[in-house]
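These notes concern the structure reproduced below.
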Amino acid sequence: MTESTGDTRRARRRGWLPWVGTVAVIVVVAGVFVLGANHPADPYFADQPTAPPSVDGFGQIGFRVEGSPASSAQRCALLADTPEQRERGLMGRTDLAGYDGMIFRFEADTTGSFWMKNTPLPLSIAWFDSSGAFVSAADMEPCLDQPSCPTYGARGPYRFALEVPKGALPTLGVGPGSRLVLGGACYR
């Protein structure tokens, strides 16, 4: 074998090396995409938003408030949509268990009042009509174990009421001109 023949063979081998390396990289990258880097059971990021834990006796509902710069974020509330749930409301609760509030949903327009009997948590309430338009709001003080508690009523007929910790309505974007939109994912 001559020196030039050996050089030619070495040159051919060197010409194939970049191709072999490129193909190997493509196969590895394709394998990662097809099989997953570590076969996660849940392929979502760990910090995906989740719904708060359930609270006995109540459902949950996603909502957002439209109409102000502070609004439009998707929120999560406890849902009181039966007469028993609406009567119980947040009685006896000292916190909202990670929820933004409690939504009271009525089958038809109503003008009934709310009270704070046996509710230790100071609350703010906003009422909304059947289209979700803001009707009015009020702050409510706890009324523990008293024979008579004050009542709080809306300035007009409403279909939905939203109770939140006292003072939190502006943070959610609730006020004149705002609109409550129910539905969507219930994330926290």
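Worth saying up front: this structure is predicted, and the values here are computed from it rather than measured.
Trp127 contributes atom CH2, which lies 11.0 Å from atom CG of Leu162 (distance to the nearest 0.5 angstrom). Here CG of Leu182 is found 8.5 Å from CG of Leu79. Values are rounded to the nearest 0.5 Å. Within the model, atoms CZ of Phe160 and OG1 of Thr110 stand 12.5 Å from one another, a figure rounded to the nearest 0.5 Å.
A donor-acceptor pair under 3.5 Å is formed between the side chain of Tyr158 and the backbone N or O of Gly112. Formation of a donor-acceptor pair under 3.5 Å by the Gln60 side chain with backbone atoms of Ser54 is not found in this model. No side-chain donor-acceptor contact under 3.5 Å links Arg159 to the backbone of Asp129. Asp100 places a side-chain N or O within 3.5 Å of a backbone atom of Cys76 that can act as its donor or acceptor partner. A donor-acceptor distance shorter than 3.5 angstrom exists from the side chain of Thr119 to the backbone of Lys117, with no hydrogens or angles considered. With hydrogens and angles disregarded, a donor-acceptor distance shorter than 3.5 Å links the side chain of Gln74 to the backbone of Gly183.
Closest of all the heavy-atom pairs between Gly101 and Val164 is CA-CG1, 4.2 Å. Across Thr94 and Pro120, no two heavy atoms sit closer than the pair CG2-CG, 4.0 Å.
In this structure, Ile125 and Leu123 have side chains that are not in contact, with every pair of non-hydrogen atoms separated by 4.5 Å or more. Side-chain contact between Val65 and Phe134: absent, with no pair of heavy atoms (C-beta onward) separated by less than 4.5 Å. Contact annotation: the side chain of Met91 approaches that of Trp115 to within less than 4.5 Å [non-hydrogen atoms, C-beta and beyond]. Between Val55 and Leu96 the shortest side-chain heavy-atom distance does not fall below 4.5 Å. Proximity of Arg93 to Met102: side-chain heavy atoms (C-beta onward) are nowhere separated by under 4.5 Å.
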What side-chain donor-acceptor pairs closer than 3.5 Å can you find for residues 143-155, not counting sequence neighbours?
unit_1 : atom_1 : unit_2 : atom_2 : d
Tyr152 : OH     : Glu141 : N      : 3.3

